[in-house]
Colleague: 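Structure incoming, see below.
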Amino acid sequence: NTQKNLGHLHPITQTIQQFTDIFSEIGFSLYNGPEIDTEWKIFDALRVAKDHPARDAQDTFWMPDGYVRDGQKLLPRTHTSNAQIKCMNENVPPIRIISAGKVFRNEATDATHEAEFHQLEGVCIDKQISIADLKNTLTYVFKKYFGDDIQVRFRASYFPFVKPGIEVDIFWKDRWLEVCGAGLMHEEVLQHGLDKQYGGQLSSEDVKQYSGFAFGMGLERLVMLKYGIDDIRDMSSGDIRF
């Protein structure tokens, strides 16, 4: 019998599978949110202010007037973080999930930017979760993906949905490169996800028992680094050789 070459999976699909396997080793499961969601889940529940530039038409695609759900405008998600709120609404901690998929931003296309790309989001919620848990988790994951010799560092930063916020860098080919944003989940985000007042399963007092961390990373950037790809547009070119 002659074995035929039937093709292969796209590098992004392969990478999602790799990260799913890595995170499953430490108790995370895959949970995906919708690509089109409400303004509440994408912005408001995550403490993205009404006047934040991300809501501007220059950065966000909006659905036409009349596309609403639960009285909220609908839009293609600008990040996978909407899965955080959906998962918290539906579940009681402990919660350990990753969510991977397409996101959409109104950006000019060039070698390093696309209007449609992929992110991987992660959330861990339990009692007594600390910044040490976050650092240990991400160090383990990046060493599994890039190799044990990779160096990982953490820098203070700001994101509205975490407190404190950090950025994660890896030392790659003689320089430090940012690969991930993360932090301990802001108490208001936990309330917006878990509290019965906002569609969750817990009372306000019960929510106070929990803490958590969250992180997000761009998958195209990681694939480009690992495999030496120079142009992000190759990812969606349709060229089977790629």
Colleague: Nearest 0.5 Å please: distance from the CD1 atom of I85 over to the CD atom of E90.
Modeller: 11.5 Å
Colleague: Quick one, C124 and F28 - any side-chain contact, counting heavy atoms below 4.5 Å?
Modeller: yes
Colleague: Where the side chain of E220 meets the backbone of H118, is there a donor-acceptor pair that is under 3.5 Å apart?
Modeller: yes
Colleague: If you group Ile, Leu, Val, Met, Phe, Trp and Tyr by side-chain heavy-atom gaps below 4.5 Å, do M63 and F61 land in one group?
Modeller: no
Colleague: With a sphere of 6.0 Å drawn around CG of D21, does it hold more than 12 non-hydrogen atoms of other residues, nucleotides or ligands?
Modeller: yes
Colleague: Do you know which two heavy atoms are closest between F43 and T60, and how far apart they sit?
Modeller: CZ-OG1, 3.8 Å
Colleague: Shortest non-hydrogen contact from A108 to H113?
Modeller: O-CB, 3.6 Å
Colleague: Using the six-membered ring wherever Trp is involved, compare the ring planes of F19 and F23 and label them parallel, tilted or perpendicular (cut-offs 30° and 60°).
Modeller: tilted
Colleague: Could you check whether Y31 and K86, counting side-chain N and O atoms only, form a donor-acceptor pair closer than 3.5 Å?
Modeller: yes
Colleague: Less than 4.5 Å apart, side chain to side chain, heavy atoms only: is that true for R221 and K226?
Modeller: no
Colleague: For residues M224 and D230, determine if any side-chain heavy atom of one lies less than 4.5 Å from a side-chain heavy atom of the other.
Modeller: no
Colleague: Determine whether T15 and Y145 make a side-chain contact, defined as any pair of heavy atoms from C-beta on separated by less than 4.5 Å.
Modeller: yes
Colleague: Please step through side chain to side chain contact (heavy atoms under 4.5 Å, CB included) for the pair L75 and F104, ending with a clear verdict.
Modeller: CA-CA 9 Å; L75 64 147; F104 310 88; over 6 Å; no
Colleague: With a 4.5 Å limit on heavy-atom distance, are the side chains of Q201 and D195 in contact?
Modeller: no
Colleague: How close do A100 and L30 get, heavy atom to heavy atom, and via which atoms?
Modeller: N-CD1, 4.4 Å
Colleague: Among the clusters formed by ILVMFWY side chains lying less than 4.5 Å apart, do F154 and I170 turn up in the same one?
Modeller: yes
Colleague: Which heavy atom in S130 sits nearest to a heavy atom in F213, and how many Å separate them?
Modeller: O-CD2, 4.4 Å
Colleague: Between K73 and Y67, is NZ or CZ placed under 6.0 angstrom from the six-membered ring centre and within 45° of the ring axis?
Modeller: no
Colleague: Decide yes or no for I125 and P94: does some side-chain heavy atom of the first lie under 4.5 Å from some side-chain heavy atom of the second?
Modeller: no
Colleague: I would like to know whether F117 and V103 meet side chain to side chain contact (heavy atoms under 4.5 Å, CB included); could you show each step before the answer?
Modeller: CA-CA 6 Å; F117 54 100; V103 299; 3.4 Å; yes
Colleague: Can you tell me how far OG of S203 sits from CD of Q197, rounded to the nearest 0.5 angstrom?
Modeller: 11.5 Å
Colleague: Starting at CD of E187, measure out to NE2 of H192 and round the result to the nearest 0.5 Å.
Modeller: 10.5 Å
Colleague: If only atom types and distance count, is the side chain of N106 paired as donor or acceptor with the main-chain N or O of A115 below 3.5 Å?
Modeller: no
Colleague: Are M217 and I150 connected in a single hydrophobic cluster, I mean Ile/Leu/Val/Met/Phe/Trp/Tyr linked by side-chain heavy atoms less than 4.5 Å apart?
Modeller: yes
Colleague: Could you walk me through whether C180 and L138 satisfy the side chain to side chain contact (heavy atoms under 4.5 Å, CB included) test, starting with their C-alpha distance in whole Å, then the side-chain angles of each, then the deciding distance to 0.1 Å, before giving a yes or no?
Modeller: CA-CA 9 Å; C180 181; L138 292 179; 4.2 Å; yes
Colleague: Specify the closest pair of heavy atoms between V48 and P160, including all atoms of both residues, with the distance to one decimal.
Modeller: CG2-CG, 4.2 Å
Colleague: Rounded to the nearest 0.5 Å, what's the gap from CD1 on I95 to SG on C87? Could you check?
Modeller: 4.5 Å
Colleague: Do the side-chain N and O atoms of N82 and D37 include a donor-acceptor pair separated by under 3.5 angstrom?
Modeller: yes
Colleague: Side chains of Q209 and D206: is there a donor and an acceptor less than 3.5 Å apart?
Modeller: yes
Colleague: Please tell me whether I36 and I42 are part of a single hydrophobic cluster in this structure, the criterion being side-chain heavy atoms less than 4.5 Å apart.
Modeller: no
Colleague: How would you list all residue pairs meeting salt bridge (charged side-chain N to carboxylate O under 4.0 Å, His left out) that involve residues 119-136, not counting sequence neighbours?
Modeller: R96-D126
Colleague: With rounding to the nearest 0.5 Å, note down the distance linking CD in Q14 to NE2 in H8.
Modeller: 7.0 Å
Colleague: Salt-bridge test for R47 and E188: reply yes if a basic N is under 4.0 Å from a carboxylate O, no otherwise.
Modeller: yes
Colleague: Is it true that atom CG of D239 has more than 12 heavy atoms of other residues, nucleotides or ligands lying nearer than 6.0 Å?
Modeller: yes
Colleague: For a 4.5 angstrom cut-off between non-hydrogen side-chain atoms, does D59 reach R105?
Modeller: no
Colleague: Any side-chain donor paired with an acceptor under 3.5 Å for E114 and S236?
Modeller: yes
Colleague: Taking all non-hydrogen atoms of both residues, which atom of V162 and which atom of A182 are closest, and how far apart?
Modeller: CG2-O, 3.8 Å
Colleague: Give, for atom CZ of F142 and atom OG1 of T137, the distance between the pair rounded to the nearest 0.5 Å.
Modeller: 11.5 Å
Colleague: Distance-only, no hydrogens or angles: does the T13 side chain make a donor-acceptor pair with backbone N or O of L9 under 3.5 Å?
Modeller: no
Colleague: Under the 3.5 angstrom rule, does the side chain of R77 hit a backbone N or O of G33 as a donor-acceptor pair?
Modeller: yes
Colleague: Walk me through whether K144 and E25 qualify under salt bridge (Lys or Arg N to Asp or Glu O under 4.0 Å).
Modeller: CA-CA 11 Å; K144 290 285 286 189; E25 296 172 5; 3.5 Å; yes
Colleague: Please state whether the rings of Y198 and W40 are parallel, tilted or perpendicular, taking 30° and 60° as the class boundaries.
Modeller: parallel
Colleague: Between L222 and V179, is a side chain to side chain contact (heavy atoms under 4.5 Å, CB included) present by the stated rule, with each step listed?
Modeller: CA-CA 7 Å; L222 297 176; V179 292; 3.8 Å; yes
Colleague: Taking C-beta and beyond as the side chain, do I229 and V223 meet within less than 4.5 Å on heavy atoms?
Modeller: yes
Colleague: Where the side chain of D70 meets the backbone of Q72, is there a donor-acceptor pair that is under 3.5 Å apart?
Modeller: no
Colleague: Among L134, L46, I129, L190, find the one that has a side-chain contact (heavy atoms from CB on, under 4.5 Å) with M185.
Modeller: L190
Colleague: Hey, could you give me each pair passing side-chain hydrogen bond (donor to acceptor under 3.5 Å, both in side chains) that has a residue in residues 165-185? Not counting sequence neighbours.
Modeller: R153-D169, R155-E167, R155-D169, S157-E167
Colleague: Given 3.5 Å as the limit, does a donor-acceptor pair link the side chain of H186 with the main chain of F161, or not?
Modeller: no
